[in-house]
**Q** 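Take a look at the following structure, please.
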Amino acid sequence: MKRYHVTTFGCQMNEHDSERMKGMLESLGYEQTAEQADADVILFNTCSIRETADSRFVAHLGHAKRVKREKPSTIIGVGGCWAQSLKDEVFTQFPFVDVAFGPGQVHKLTEFLTSDSLTAQGYFEFEGFAGDLPDKRTREHQGWVQISVGCNCNCSYCIVPQTRGREASRPFAGVVAECERLAGEGVREVTLLGQNVNAYGRDLRPDRATFAQLLHAVDAVEGIERIRYTSPHPKDMKEDVILAHAELASVCEHIHLPLQSGSSRILKAMRRTYDQVRYLDRVALIREHVPDCALTTDIIVGFPGETEEDFQMTLDVCEEVGYDSAFTFVFSPRRGTEAALITEGIVPHEVKVERMQRLVEVVQRRAHERAQRFVGRSVEVLVEGTSRTDPSRLRGRTRHNKTVNFAGCGVPGELVMVDVERATSQTLAGAESLLARAGR
Ligand code: SAH
Ligand code: SF4
Ligand code: F3S
């Protein structure tokens, strides 16, 4: 039996694409191995969002090169956003790579592996939604469902529109059918994936659809108890989607609403097309309809031209909103993006580092404070497995997307009620409430 090894970098899109690569390889009769050295096919699914993502991957590629030197029949494949951003340059820079493909061409892997000529080949077209592919889920009871590919936004710092192409929605019926199939396989929680999920459906012809309609349809799927999605864009966050959180039983009380910066001036330079007022207005609308909703975000520090005053506005928004958690990034110039060409107002490295420290302090303090609202409450938890730090305890996730470590006897895939005893900024701790089982 032939074996494969896949290493994944980057976002949930890539994690899901990797599951599809694995699904395809298994349908060709390959089996997964934990060691690169034992694999006949070594694949990397790459990310290019920040410079650190690139350099981390290149070190991994060096290891695969050594494996191939020992066993020249090994096939090395590089997929994902980094491959797309370099295209055929991949083969000149790294001649030991056999196949390279962009995020829109995952399905070509089968064609390559079953073709006679295993000479270096690259696949970099964008063809809209690439159709249904088999997947091999990492988690039995949780599934990703891709609802669109690409991105039509123009954020000046971002490489994704180049690496994933124009936005194309997946047909409505196809999304619902996949959710039904997943439910039939025991999946209880789905995460709908797109670069800007609230733009979903505008391009569908003849029947346009909205993201809120899609939430309603997925909510109606028997067996799907929880719906999550990532990411919405604040400019397109409309009341119908917020109301879906309030009205639909399976839509979770968590919204990831990327802020990027609290300064309207910087948001404009980033081409985010909303300002601080509009963003805070979205937050207010969410809090009005779903008062307990968890809010998380993405923030970039050190965008060119960011002054201490601009940065202070980001801190102010974090104080005001009180995020349940935030991903914080130092600005990284990416090839081919507008922001990479800016030469004025470059923020010195030590200033970026110092701002990042201050930002993390505010984010963590507020997240810690916000998390205390769960202490003393009984919350519904989807059991995922055993605790990473203490195998005698269980680990799961709340509807608010908090990880919980708890004493109990639930099995993976089960919904249980947990009495929360303690909360840090990151995790909750407690014990299964034996009186009230969540038996939904
Ligand atoms: N489409 C999603 C996610 C995009 S990538 C969205 O718009 O929310 C995830 C995050 O990476 C972004 O939200 C942004 O905060 C960060 N990011 C993107 N490009 C970056 C860059 N050049 N430097 C630093 N962070 C970046
Ligand atoms: Fe990048 Fe902006 Fe699109 Fe997100 S919305 S993927 S940040 S261009
Ligand atoms: Fe995701 Fe990285 Fe591409 S964040 S969209 S894998 S550049």
Side-chain angles (χ1 to χ4, degrees), residues 7-18 21 44-54 56-57 78-86 101-104 106 126 144 146-168 191-200 229-237 255-262 266-267 269-274 279 282 295-304 306 314 323 325-342 346-347 352 355-356 359 363:
T7 313
T8 309
F9 303 87
C11 62
Q12 293 99 328
M13 289 268 182
N14 261 19
E15 282 182 40
H16 182 45
D17 286 344
S18 290
M21 290 179 198
F44 295 95
N45 197 8
T46 61
C47 172
S48 210
I49 199 82
R50 286 168 290 276
E51 202 175 327
T52 42
D54 281 8
R56 218 155 59 91
F57 158 65
V78 183
C81 291
W82 177 85
Q84 182 73 36
S85 71
L86 288 182
F101 48 99
V106 169
F126 294 118
W144 310 112
Q146 193 167 2
I147 66 166
S148 61
V149 297
C151 184
N152 283 0
C153 295
N154 211 7
C155 304
S156 62
Y157 51 81
C158 183
I159 200 169
V160 174
Q162 291 172 57
T163 64
R164 301 229 169 211
R166 300 289 293 169
E167 192 173 86
T191 303
L192 309 178
L193 291 179
Q195 294 299 343
N196 175 4
V197 289
N198 343 50
Y200 174 80
Y229 57 85
T230 195
S231 293
H233 194 298
K235 81 176 163 72
D236 292 318
M237 193 66 180
I255 298 178
H256 182 73
L257 197 65
L259 169 69
Q260 311 304 358
S261 168
I266 295 297
L267 286 169
M270 288 176 164
R271 298 201 187 282
R272 287 291 285 176
T273 68
Y274 56 84
Y279 184 91
R282 297 298 91 188
L295 281 172
T296 58
T297 200
D298 291 347
I299 296 167
I300 298 175
V301 298
F303 187 83
E306 184 188 73
T314 299
Y323 292 106
S325 81
F327 295 110
T328 50
F329 308 105
V330 169
F331 169 74
S332 168
R334 306 316 291 136
R335 55 186 165 268
T337 63
E338 189 188 340
L341 302 175
I342 304 176
I346 300 299
V347 180
K352 284 181 181 164
R355 285 184 189 164
M356 179 60 103
L359 178 64
V363 164

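Every number for a ligand or one of its atoms is a count from 1 in the order of the listing. Side chains are part of it too, since the values below use all heavy atoms of this structure and drop only hydrogens, waters and symmetry mates.
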**Q** Angle class for the Tyr274/Tyr279 ring planes (parallel below 30°, perpendicular above 60°, tilted otherwise)?
**A**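 Ring orientation of Tyr274 relative to Tyr279: tilted.
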
**Q** Which atoms from ligand 3 have a heavy atom of Asn14 less than 4.0 Å away?
**A**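 Matching atoms, with element in brackets: 6 (S).
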
**Q** Closer than 2.8 Å to atom 1 (Fe) of ligand 2, which protein N, O or S atoms?
**A** Cys158 SG

**Q** CZ of Arg50 to OH of Tyr157: how many Å apart, nearest 0.5 Å?
**A**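 So the CZ of Arg50 and the OH of Tyr157 are separated by 10.5 Å.
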
**Q** Return yes when Val160 approaches ligand 1 closer than 4.0 angstrom through a heavy atom, no otherwise.
**A** no

**Q** Looking only at protein heavy atoms, which one is nearest to atom 23 (N) of ligand 1, and how far off is it?
**A** Ser332 N, 3.0 Å

**Q** Would you say the side-chain atoms of Asn45 pair up with the backbone N or O of Asn14, donor to acceptor, closer than 3.5 Å?
**A** yes

**Q** Got a donor-acceptor contact below 3.5 angstrom from the Thr314 side chain to the Gly262 backbone?
**A**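 Yes, the answer is positive, given that a donor and an acceptor are paired below the 3.5 Å cut-off.
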
**Q** If we only consider heavy atoms of Gln260, is any one of them less than 4.0 Å away from an atom in ligand 1?
**A**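 Contact present.
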
**Q** Using heavy atoms and a 4.0 Å limit, tell me yes or no: is Val330 in contact with ligand 1?
**A** yes

**Q** Rounded to the nearest 0.5 Å, what separation is found between the SG atom of Cys151 and the NE2 atom of His233?
**A** 7.0 Å

**Q** Donor-acceptor check, side chain of Ser156 to backbone of Glu338, threshold 3.5 angstrom: yes or no?
**A**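 It does not hold such a pair.
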
**Q** Counting from 1, what ligand 3 atoms have a heavy atom of Cys81 closer than 4.0 Å?
**A**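 Matching atoms, with element in brackets: 3 (Fe), 5 (S), 6 (S), 7 (S).
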
**Q** Check for a donor-acceptor pair, side chain of Tyr229 on one end and backbone N or O of Asn198 on the other, with a separation under 3.5 Å.
**A**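 Flag not set: sc Tyr229 to bb Asn198 has no pair under 3.5 Å.
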
**Q** Considering Pro258, Cys11, Pro232, Cys153 one by one, which has a heavy atom nearer to atom 8 (O) of ligand 1 than any of the others?
**A** Pro258

**Q** Any heavy atom of Arg272 sitting closer than 4.0 Å to ligand 1?
**A** yes

**Q** Assess Arg56 against Phe9: is NZ or CZ under 6.0 Å from the centre of the six-membered ring, and within 45 degrees of the ring's axis?
**A** no

**Q** Once you round to the nearest 0.5 Å, how far does CD1 of Ile49 lie from OG1 of Thr163?
**A** 7.0 Å

**Q** Can you tell me how far apart OG1 (Thr297) and OH (Tyr323) are? Round to the nearest 0.5 Å.
**A**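 Rounded to the nearest 0.5 Å, the OG1-OH separation comes to 4.0 Å.
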
**Q** Any atom of ligand 2 sitting under 4.0 Å from a heavy atom of Arg272?
**A**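 It does; at least one heavy atom falls under 4.0 Å.
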
**Q** Can you tell me if an N/O/S atom from Cys47 lies under 2.8 Å from atom 2 (Fe) of ligand 3?
**A** yes

**Q** Give the numbers and elements of all ligand 3 atoms closer than 4.0 Å to a heavy atom of Gln195.
**A** 5 (S)

**Q** Around atom 4 (C) of ligand 1, find the nearest protein heavy atom and jot down its residue, atom name and distance.
**A**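 Closest protein heavy atom to atom 4 (C) of ligand 1: Gln195 OE1, 4.0 Å.
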
**Q** Pull out every atom of ligand 1 sitting under 4.0 Å from any heavy atom of Phe331, numbered as shown with elements.
**A** 23 (N), 24 (C)

**Q** Looking only at protein heavy atoms, which one is nearest to atom 10 (C) of ligand 1, and how far off is it?
**A** Asp298 OD2, 3.4 Å

**Q** Given 3.5 Å as the limit, does a donor-acceptor pair link the side chain of Arg282 with the main chain of Met237, or not?
**A**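 Side chain of Arg282 to backbone of Met237: a pair is present.
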
**Q** I'd like the name of whichever of Arg50, Met270, Met13 reaches closest to atom 26 (C) of ligand 1 through any heavy atom.
**A**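 Nearest option to atom 26 (C) of ligand 1, by heavy atoms: Arg50.
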
**Q** Nearest protein heavy atom to atom 19 (N) of ligand 1, by residue and atom, and its distance?
**A** Tyr157 CD1, 3.3 Å

**Q** Out of the candidates Ile300, Asp298, Ile299, only one should pair with Pro258 under the side-chain contact (heavy atoms from CB on, under 4.5 Å) rule; please name it.
**A** Asp298

**Q** Atom CZ of Phe126 and atom CD of Gln162: how far apart are they, to the nearest 0.5 Å?
**A** 9.0 Å

**Q** Has Met13 got any heavy atom lying under 4.0 angstrom from an atom of ligand 3?
**A** no

**Q** Output the distance between atom CD1 (Ile255) and atom OG1 (Thr230), rounded to the nearest 0.5 Å.
**A** 11.5 Å

